[in-house]
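A quick write-up on the structure given underneath.
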Amino acid sequence: SDAPDDHVALQALKDKPDFAAKYGITPDMVEPFEVVPIISIEGYGDASAVFMCEKLGIKSFNDKAKLAQAKDETYLKGFTIE
C-alpha cells in the first residue's frame, strides 16, 4: 500500500484494542489484514507506506506533519512516470 494514513490507522486498531473497541471494532475485524502491495516504487518497495512510516518514525495518526510528508513523498514517487 502507498497510503501512510491507512497503514497507521490499521496499526492503531491492531495495537490498541481499547481504541478499536471505542468504535465497535473487534480484533477479528483487523487481525487477519496486512498491507496489500499495490504499487512498487523503486527504493521504497511494494509497501511504501510502511517504508515511509518507519523512515520518518511515525507511530501515531497524531504525527500529522510527518504523515503529510510521507503521503506527499509516496504519492509523488508512485505517480511520477520516469
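Positions are given from 1 along the sequence.
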Discussion item. Once rounded to the nearest 0.5 Å, what's the spacing between atom CD of Glu31 and atom OG1 of Thr26?
Written reply: 10.0 Å
Discussion item. Working to the nearest 0.5 angstrom, can you tell me the gap between Leu10 CG and Asp5 CG?
Written reply: 12.5 Å
Item to complete: For residues Ile58 and Ala70, report the shortest heavy-atom separation together with the two atoms involved.
Response: CD1-CB, 3.9 Å
Discussion item. As an exercise, state the distance from CG of Asp15 to NZ of Lys59, rounded to the nearest 0.5 Å.
Written reply: 10.0 Å
Discussion item. Applying side chain to side chain contact (heavy atoms under 4.5 Å, CB included), can you list everything that pairs with Tyr44, at least two apart in sequence or on another chain?
Written reply: Ile41, Ser48, Phe51, Met52, Glu73, Lys77
Worksheet entry | Heavy-atom closest pair, residues Val8 and Cys53 | CG2-SG, 3.7 Å
Response to the item:
Closest heavy-atom pair, Ala12 versus Phe61, reported as atoms and distance to 0.1 Å, is CB-CE2, 3.7 Å
Worksheet item: Can you name the salt bridge (Lys or Arg N to Asp or Glu O under 4.0 Å) partners of Glu54, sequence neighbours left out?
Response: none
Fill in: Distance, nearest 0.5 Å, that separates NZ of Lys16 from CD1 of Ile25
13.5 Å
Worksheet item: If you round to the nearest 0.5 Å, how far is CG of Asp6 from NZ of Lys71?
Response: 9.5 Å
Practice prompt. Is it possible for you to say whether Val36 and Met29 belong to one hydrophobic cluster, with membership spreading through side-chain heavy-atom contacts below 4.5 Å?
Written response: yes
Worksheet entry | Under 3.5 Å: donor-acceptor pair, side chain of Thr74, backbone of Asp2 | yes
Worksheet item: Of the non-hydrogen atoms in Gly57 and Asp63, which two are nearest, and what is the gap between them?
Response: O-OD2, 4.2 Å
Item to complete: For Val30 and Lys14, work out which heavy atoms get closest and say how close.
Response: O-CE, 3.2 Å
Worksheet item: Out of curiosity, Lys55 NZ to Gln69 CD, how far, rounded to the nearest 0.5 Å?
Response: 7.5 Å
